[in-house]
Amino acid sequence: QSSQGFYKAGGFRGLYAGVPSTAIGSFPNAAAFFVTYEYGKRLLSSGSSSSFSPLMHMAAASLGEVIACLIRVPSEVVKQRAQVSPSSTTYQMLANTLRQEGIRGLYRGYKSTVLREIPFSVVQFPLWEFLKDLWSWKIGRA
């Protein structure tokens, strides 16, 4: 809630500031993650025992996050800066960041974002693969 009131604080434009950068980065981010994850699984599973399967999924998911964050972090940086300055467009925020800080400005917080995302993926994807296998087994027996 703004003390200025809804419309003086930017109205709907201020409310949805940063959405374009998130929308633009969402598909490439997910695609980069899943392409890397699937490739990593294939690469790591060649010749390994199924007992190492959870570790393989953890490693592939971690690699996927490292690659996906190369797309996610710049879109997050632009989104956050657009939210702070709702009078500027997404393009203006991108241009200002590049002009003032260069490409490195778009990757501010990359390491902390990767470190935040990896623990989640390390739990989520081995669990997903286990449940997928369990479901396939259950359907096969039904």
Side-chain angles (χ1 to χ4, degrees), residues 1-2 4 6-142:
Q1 298 265 336
S2 173
Q4 304 168 351
F6 181 71
Y7 290 105
K8 286 184 181 178
F12 285 105
R13 181 181 171 99
L15 186 62
Y16 294 106
V19 169
S21 66
T22 302
I24 291 167
S26 184
F27 174 76
N29 171 46
F33 176 84
F34 285 108
V35 166
T36 306
Y37 175 67
E38 291 297 327
Y39 180 75
K41 277 193 331 186
R42 209 168 298 124
L43 188 69
L44 294 169
S45 69
S46 61
S48 66
S49 134
S50 65
S51 63
F52 291 114
S53 185
L55 294 174
M56 176 203 47
H57 296 302
M58 289 177 185
S62 298
L63 182 61
E65 288 297 351
V66 168
I67 299 302
C69 282
L70 292 172
I71 297 166
R72 183 180 305 135
V73 170
S75 68
E76 283 291 313
V77 167
V78 171
K79 178 194 79 163
Q80 290 170 5
R81 292 178 182 190
Q83 288 173 333
V84 171
S85 180
S87 61
S88 297
T89 66
T90 298
Y91 177 75
Q92 288 171 327
M93 283 291 111
L94 175 62
N96 287 344
T97 301
L98 288 172
R99 185 172 42 260
Q100 293 171 3
E101 302 174 56
I103 195 80
R104 294 186 81 181
L106 291 175
Y107 288 95
R108 191 172 297 277
Y110 175 79
K111 289 177 193 170
S112 60
T113 303
V114 169
L115 291 174
R116 179 192 72 196
E117 298 296 328
I118 285 178
F120 175 75
S121 291
V122 160
V123 171
Q124 181 186 18
F125 285 92
L127 181 60
W128 163 253
E129 296 289 348
F130 170 76
L131 293 173
K132 201 167 68 169
D133 291 344
L134 183 64
W135 182 256
S136 295
W137 176 78
K138 185 170 176 78
I139 294 300
R141 286 196 41 155

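By convention here, the first residue in the shown sequence is residue 1.
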J.: Atom CG in Asn96, atom CE in Met93: separation rounded to 0.5 Å?
T.: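 Going from CG on Asn96 over to CE on Met93, the span is 5.0 Å.
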
J.: Might you point out which heavy atoms bring Ala68 and Phe33 nearest each other, and give the distance in Å?
T.: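 Shortest heavy-atom contact: CB-CB, 3.8 Å.
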
J.: Is any side-chain heavy atom of Arg81 less than 4.5 Å from a side-chain heavy atom of Val77?
T.: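 In short, these two side chains touch, coming nearer than 4.5 Å.
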
J.: For the residue pair Ala59 and Leu44, what are the closest heavy atoms and their distance?
T.: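 Looking at all heavy atoms of both residues, the closest pair is CB-CD1, 3.7 Å.
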
J.: Using atom types as modelled and distance alone, determine if a side-chain donor or acceptor of Ser75 lies under 3.5 Å from a backbone N or O of Arg72.
T.: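 Pair found, side chain donor or acceptor close to backbone of Arg72.
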
J.: Which pair of heavy atoms, one from Val73 and one from Leu106, lies closest together, and at what distance?
T.: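 What the structure gives for the nearest pair is CG1-O, 3.5 Å.
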
J.: Strictly distance-based, threshold 3.5 Å: is any side-chain N or O of Tyr110 a donor or acceptor partner for the main-chain N or O of Leu70?
T.: no

J.: Determine the interplanar angle of the Tyr37 and Phe125 rings, folded into 0 to 90°, and report it as parallel if under 30°, tilted if 30 to 60°, perpendicular if over 60°.
T.: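 Correct class here is tilted.
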
J.: Can you name the closest pair of heavy atoms from Gly105 and Thr97 and give their distance?
T.: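 Heavy atoms of Gly105 and Thr97 come nearest at C-CG2, 3.8 Å.
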
J.: Kindly compute the distance separating NE2 (His57) from CG (Leu127), expressed to the nearest 0.5 Å.
T.: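 Going from the NE2 atom of His57 to the CG atom of Leu127 covers 11.0 Å.
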
J.: Atom CD1 of Ile24 and atom OG of Ser26: how far apart are they, to the nearest 0.5 Å?
T.: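 Taking CD1 in Ile24 and OG in Ser26, the distance rounds to 11.0 Å.
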
J.: Taking it one step at a time, do Glu76 and Arg116 satisfy salt bridge (Lys or Arg N to Asp or Glu O under 4.0 Å)?
T.: CA-CA 14 Å; Glu76 283 291 313; Arg116 179 192 72 196; over 6 Å; no

J.: Measuring from atom CG of Asp133 to atom OG of Ser53, what distance do you get when rounded to the nearest 0.5 angstrom?
T.: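 Rounded to the nearest 0.5 Å, the CG-OG separation comes out at 7.0 Å.
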
J.: For a quick test of reading the model, state the closest non-hydrogen atom pair linking Ile71 to Gly25 and the distance between them.
T.: CG2-O, 3.9 Å

J.: Quick check for you: to the nearest 0.5 Å, what is the distance between Leu63 atom CG and Ile118 atom CD1?
T.: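 Reported value, rounded in 0.5 Å steps: 9.0 Å.
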
J.: Of the non-hydrogen atoms in Cys69 and Thr113, which two are nearest, and what is the gap between them?
T.: SG-CG2, 3.8 Å

J.: Would you compute the distance between atom CZ of Arg99 and atom CD of Gln92 and round it to the nearest 0.5 angstrom?
T.: 9.5 Å

